[in-house]
Each structure stands twice: as C-alpha cells, then as structure tokens.
*Asks:* 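Here it is, the structure, as structure tokens.
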There are 2 protein chains.
Amino acid sequence: MKPTAKQVAHAVGVSIAAVSRAFTPGAPIDQEKRKMILAAAEEIGYISPARRTANVVSAGTVTLVAGSLHNPFYPLVVDTLARQLQESDRRLLVYALPADSNVDTITEQILAARPSAIIITSAYLTSNMARACRQHQIKVVLLNRIQRDIRVNAVSCDNYQGGRDAGRLLLDRGYQRIGLIGGISNTSTHTERVRGFRDVLAEAGKTFHAQASGDYNYEVAKTAAVKMLSSANSPNAIFCCNDIMALGAIDAAREKGLRIPNDLAVIGFDDIPMASWSSYCLTTIRQPVERMVQEALSLIDDPTVKAGDDGSTRMLSGNLIVRHSV
Amino acid sequence: MKPTAKQVAHAVGVSIAAVSRAFTPGAPIDQEKRKMILAAAEEIGYISPARRTANVVSAGTVTLVAGSLHNPFYPLVVDTLARQLQESDRRLLVYALPADSNVDTITEQILAARPSAIIITSAYLTSNMARACRQHQIKVVLLNRIQRDIRVNAVSCDNYQGGRDAGRLLLDRGYQRIGLIGGISNTSTHTERVRGFRDVLAEAGKTFHAQASGDYNYEVAKTAAVKMLSSANSPNAIFCCNDIMALGAIDAAREKGLRIPNDLAVIGFDDIPMASWSSYCLTTIRQPVERMVQEALSLIDDPTVKAGDDGSTRMLSGNLIVRHSV
DNA sequence: TCAGCTCCTGAAACTTTTTCATTATGCTAT
DNA sequence: ATAGCATAATGAAAAAGTTTCAGGAGCTGA
C-alpha cells in the first residue's frame, strides 16, 4: 500500500491540504509546520507526485564534471559515457569547468540540479564538495583521478604500471639516453606515470637523461622537446605523460630533422584517436576507456555501494600499443 | 480560466480518464485516440500536471544531440555550450549518436526526458522527429546544419561565403592547379562550402584540377591526398572541407617530401585547436563557435520564437585565418 | 462457433491541488 | 487602549487528475 498524503496529515495532525502545501514551494504555510510535515512524510515514505515525476526525470541522469575538453582524451570519455548511458536508457548531464578552476566554483549549481550520481574527471574533488555530496546522498566517482585525502570511489587506469610498461619497452629496445616530459605535477596521472617510469629505470640502474614539464599541452611540450633536443648529447628516447604532448615531441623532432624512431623514440599515454594517425603511429599506453566508463557506472549502479561510504579504487590495466614511434 | 482535462475530454468526446491516459506514457490507450486528444489539448492550451512539473525541472536544461565527437570541432561546441549555459545557471544534456545513424534511433529516448529545447548538430533532423517536437512544444535549433526540407530554426556559419573566401585566397596567391577534398556529400556543410569554392573559381574561369572525397575523416582524406599528389601534373593547392582532412592532406604531402606551402598549399575549414599547432599552421576559415552558440541560445530564449513555428536561419560569417599553409 | 486472450474503455473510487471562507496576528492611526 | 486594516495561515470542500475495475470489442486457434 503506497503511502498517501492522508496518512501524513493524520500523523502530524493537520489537514491534507497542509501536506500538499508543504510540498509546494511558495505555498502559504508556516515554516515550522512545513518542516514537521516533511519530516513525517520522510518517515512514512510519502513522496509528493510532483517530486515523483521530478525523480523519474533525474533518476536516469548521470552528471559528468569535466575539465577542458581540449585534450582529446576527454571527448572520448564523454562520447563513451553518453553511449553507454543511452543503452541503459539514461542521460548524461555535462558540466565543463573553466580552465584551472576547481569544482567549488560550480558546486552549488551542480547540487541544485539534485543529481543522483556524479562522475568527476579532470578536476579536483574538494573536501567541501565531498561533504556536500555525502549530505545530499549523492554518489561520487572519480574517473582517471585518484585522491588520497578524500576517500571516495575512483576508477582509474593503472598509471603506475603504465609508466613501468613504457620504461620497460624503452629499456628492452636498448635506448640509453631516456628523457621525460611530464604533465601537470599535482595530478595523480602525472605522479603515478612518472613514478612507474622512474622505478623501472632505477631497477635497471638508470635515471632520466633529461626531464621537462609539458603541462599536458601540445605547444608547451613541443617547446620543451625542442629545447631538450637542442642540448648536446640529447636523449634518443622520450616518454611523454600523455599523447598530445607526445605528438608535440614528434613534431619538434621532425622540425629538427630527426626521424622517428631512428633518431628519436617517442612514447605517449592515453591512445587518443590521433595517436593512430598514419603520420604519427605513436606507440602509447591505451587507457581502457570503455571499461573504465563501465566500471564507473557499475559503481554507481551497485546498490551495496552507499552514497556516504568511504570509497574504493578500481584500477584497470592499460595496454601497451606498439606502433612505429619506438 | 485555466484549461482543464474536462474541456479537452468534452471537445474530443471521451472520458476525462482517457485524457489523463493520453498524457501518461505507456498507459493503455489507442494511438489514434491519443493523437486526437493531444491535438485537441494543444488547441485548447491544456497542459497535464505532470508535464507542468517536468517543465519546471527541465526548464533549465538544454539538450544537445551530437554526432560522433571524433571531429575535434564538436568537443569545441560542447565545451562552449556547457560554459555559456553554466553562466545563465542552466544545464547541458548530451546525447551522442552512434556513427552514421540518424536522430530517429534515439528520438523516443530524447522525448521521454521532456526537454524544452533541443540543439541538433552533426545529425539529420528527420521530419519524423520534427513533427514529434512540434507536437510536444519543444524548440529545435540546428547548429552547423541547414535543412531545406524542414523549416526549423538553424544557426550556421556562412559556409558558402567561407568556400568563396578560401577560393579567393588561393586565386589571389596565384595558384593555378587547385584541388578539392570534399566531406560527406549529403551534408549542408559540404555542399555549401564546395559550391562557394566552385563559384569563385568559375568566376575566374577555372575549374577543379582534381577532386576527391575525404569523408570528413583524417585517414580517408590522407589516402585521397596521396593519390591526388601521385598523379602526373598534380595540384599545387588543395581546399579541404574541414580541418582534420586538411591535416591529413598536409601529412600526406610531407610524406611525399613536399613542403608546405612552397610545393603545396592547403586550406581547411573550422579552425580546430590543432590547426594552430606550430607543426601545421593551417590556414583555415574559423567558425565563430562562441557566437554560433550564443545565437542558438538566443533563439531558444526568445519568447517570440514559438516551438511549432517555421524557423529562420541565422547565418554568421566565418573568418579567414591566414597562417602559413598557403 | 466459442473459449481464451489482449487491448481499450468509461465509471467510479481514490488522491491531490486549489479555492474559499474563516480565523488569527500584528501593525497603525486615532 | 482599541477600532480598523492588512497579512498570513488554516481546514473544509470543491475541483482536477489518476488509478482501479469490470466489462466489451476484436482477434486467434481449436
């Protein structure tokens, strides 16, 4: 038997009309009374019809908070997510963050839409927002981001292992002067990839021959690569923390007349569509986007995963895709 | 006096229950009868309560139907749209169409969410869907698409003029053997750009020196360019109907040892971020994405533009961005 | 032909919203 | 102080809308 307004009215000792008003924003009713009614309604499990239809609309909606879509990896995520949601008859709500801002700037806006689940990628989850989500019973999943200070659910490629794989390949191929172009230094993707790469080099008794920051940006990485390749005794292999930087490095090398991979080997990370373009044939670590998105959604769908709980991290291994740039 | 279900019921000659059912998805009612009721309701101006509350919820949400996000131009649109909507406290709902399918495959899904406005880009609006939207009082705006058979609102870059500008530049620079790599032939972007380009050449008494289809795809365009450049007496300038194809053409030329622009001039269309990468420095026609999105939203916000009305087309001029590929 | 089935329907029961008359409350001008 | 007035909150009842239910129409297969 479905709970009705009548039951709530009886429990609180008011008229049915009062219950209806309690659920209507702007209706003339005492705030104290409204609170009591809302509390009683929650206890009994009564949901007003208006709220019911609103729920139906928002139930099938997953919210994605993305950073800039300039790195082609993220459109890939959006695309995959949208498709997978469509298959299960759900919708995708997208927020794009202004460059280098954190989630807080639009937290209120996001919460106002009362989403039932949020996927955050390429942006920091602040403890502020984490608390708000916990309070509102909203599930949060970090995608391609890991954050140690806030214990929330996260899905990520095994960036450490990916970094190791990249390093191992370069070592196996016998490259001696190995350089690194890093991403944005306070991101988990950057630190983990670098750590994996460094560890495997260290195990072989090697260190970086050269090192620079590329800011996860084509132009910055290209400039860094030019500089790196201009030095005497320049590296003959470079690991770039993502693909667009790797493309920048390749273009830099070509401008200097170096041939890939004969004069310089380049390896990237992500496997964006451009990596397979025949001009680049970039060797890279493929992030299993399809499966990452699947995992993120399964975390959201899993009823045993509660909104307020401390989360776990699901780590998926990437695939070394060997093309011709190494 | 607000229109009621009773009036509708009376007008059609059915029970009030039937009217209620007509507005409830999945309720058992004859489709013919539902249509009649919906039509009468529209005439009388009756809106079901569920629809009414749903409207409030979805009022701040704009739906975008995009094709594949593989062409970097579309992530640009998504990004811009998301930001502009955020500024006015609204949300963006994204649908991604599986490659080469039309809107019909997800029409029902889209309509089930009861959007108040839809922006369609990179996908055909079928008359089917147009009719459905008209029935549900949903505003539709085509972005970067024009369709002559269905009169709906559209915002587009002036592709014809852009094609002309491209042609003029090549003529002014004195190129004699001019080739064309087209996009997908039944899109308005393709036909208009080609038409403008062809017209300006014709006015100078010239025709295409070579012509091929690149399918709006890097690899296809690159292959086409290789073939085009292998023929005896190959073109020394190529207009590509969008930027990724132009990048393909440049890469093809370089593989054949040609230098840009000395041996081959290439001009694209869109001005995607990669066009400005220093390896390409692609000369191209910039689509004014920011303003296109603005116009699309202003069409949606303009209360004098009615959902069911025949629409108008707003044409914005593109900008010729001269870099070093011509 | 007819039982069995599905699908559709209006009446009626039920739920919720809205209207309306009433009361309570507080403020102002005398 | 207190009459006069405006405002807000309330329940009863009317109105509006949804859901249930019993039946009827049409189809199908024995």
Side-chain angles (χ1 to χ4, degrees), chain A residues 1-61 89 114 116, chain B residues 1-60 107-109 111-116 131-132 135-138 307:
Chain A
M1 185 59 201
K2 208 168 59 180
T4 72
K6 201 172 181 178
Q7 294 171 38
V8 177
H10 195 258
V12 184
V14 294
S15 68
I16 306 173
V19 177
S20 173
R21 281 192 270 259
F23 281 95
T24 310
I29 186 173
D30 187 72
Q31 285 308 317
E32 269 312 303
K33 187 176 277 191
R34 170 173 277 160
K35 258 188 208 165
M36 280 173 53
I37 294 173
L38 257 38
E42 174 147 5
E43 180 144 345
I44 294 173
Y46 170 73
I47 303 167
S48 77
R51 177 70 54 89
R52 208 144 40 210
T53 60
N55 278 352
V56 169
V57 172
S58 72
T61 305
D89 237 308
R114 305 201 166 284
S116 55
Chain B
M1 185 58 199
K2 208 167 62 180
T4 72
K6 201 172 182 177
Q7 295 171 36
V8 177
H10 195 258
V12 184
V14 295
S15 67
I16 307 173
V19 177
S20 173
R21 280 191 272 258
F23 282 95
T24 310
I29 186 172
D30 187 71
Q31 284 307 316
E32 269 313 303
K33 186 174 280 192
R34 168 172 278 159
K35 261 188 209 166
M36 280 172 52
I37 293 173
L38 257 38
E42 172 151 4
E43 179 143 349
I44 295 173
Y46 170 75
I47 303 168
S48 77
R51 173 76 51 89
R52 217 144 32 210
T53 63
N55 277 354
V56 172
V57 173
S58 68
T107 294
E108 273 191 34
Q109 222 179 337
L111 294 179
R114 306 191 175 289
S116 57
R131 196 175 327 110
Q135 221 165 54
H136 289 73
Q137 295 279 64
I138 300 166

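This structure is a prediction, so every number in the text was calculated from the model and none was measured. Here is the naming used below: chain letters follow the sequence lines, and residue numbers restart at 1 for every chain.
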*Asks:* Is there a donor and acceptor pair closer than 3.5 Å between the side chain of A:R21 and the base of D:dG11?
*Replies:* yes
*Asks:* Grab the N/O contacts between the protein and nucleotides 4-7 of chain C below 3.5 Å, and write none if there aren't any.
*Replies:*
none

*Asks:* For A:F23, answer base if it contacts any base atom (sugar-phosphate contacts may also be present), sugar-phosphate if it contacts only those atoms, and nothing otherwise; contact means non-hydrogen atoms under 4.0 Å.
*Replies:* nothing
*Asks:* Starting from P on D:dT18, measure out to NZ on B:K6 and report it in whole angstrom.
*Replies:* 15 Å
*Asks:* Quick one: is C:dT16 close enough that its OP1 or OP2 comes under 4.0 Å of any side-chain N or O from A:Y46?
*Replies:* yes
*Asks:* Please examine the side chains of A:K33 and A:M36, heavy atoms only from C-beta on, and report whether any two atoms are closer than 4.5 Å.
*Replies:* no
*Asks:* Could you give the CD-to-C1' distance, from B:Q7 to D:dA16, as a whole number of Å?
*Replies:* 11 Å
*Asks:* Specify the closest pair of heavy atoms between B:I37 and B:A22, including all atoms of both residues, with the distance to one decimal.
*Replies:* CG2-CB, 3.6 Å
*Asks:* Residues from residues 9-20 of chain A sitting under 4.0 Å of DNA chain D, heavy atoms only?
*Replies:* A:V14, A:S15, A:A17, A:A18
*Asks:* Shortest non-hydrogen contact from A:A11 to A:I44?
*Replies:* CB-CD1, 3.9 Å
*Asks:* Work out which heavy atom in A:P3 is nearest to a heavy atom in A:G45; give both atom names and the distance.
*Replies:* CG-O, 3.6 Å
*Asks:* Could you tell me if the side chain of B:K35 sits less than 4.5 Å from the side chain of B:L38, heavy atoms only?
*Replies:* no
*Asks:* When the distance from CD1 of A:I37 to C1' of D:dA9 is rounded to whole Å, what number comes out?
*Replies:* 12 Å
*Asks:* Kindly determine whether B:Y46 and B:V19 satisfy side-chain contact (heavy atoms from CB on, under 4.5 Å), including the steps that lead there.
*Replies:* CA-CA 10 Å; B:Y46 170 75; B:V19 177; 4.2 Å; yes
*Asks:* Look at the side chain of B:T24 and the backbone N and O of B:A27, then say whether any donor-acceptor pair between them is shorter than 3.5 Å.
*Replies:* no
*Asks:* With distance as the sole test, does A:R21 use its side chain to make a donor-acceptor pair with the main-chain N or O of A:I29 at under 3.5 Å?
*Replies:* no
*Asks:* For A:E32 and D:dA8, give me the distance from atom CD to atom P, rounded to whole Å.
*Replies:* 18 Å
*Asks:* For C:dC8, does OP1 or OP2 lie under 4.0 Å from any side-chain N or O of B:K33?
*Replies:* no
*Asks:* A:A40 and A:V12: which non-hydrogen atoms are nearest, and at how many Å?
*Replies:* CB-CG2, 3.4 Å
*Asks:* Could you check how far CD1 of A:I47 sits from C1' of C:dT15, rounded to whole Å?
*Replies:* 15 Å
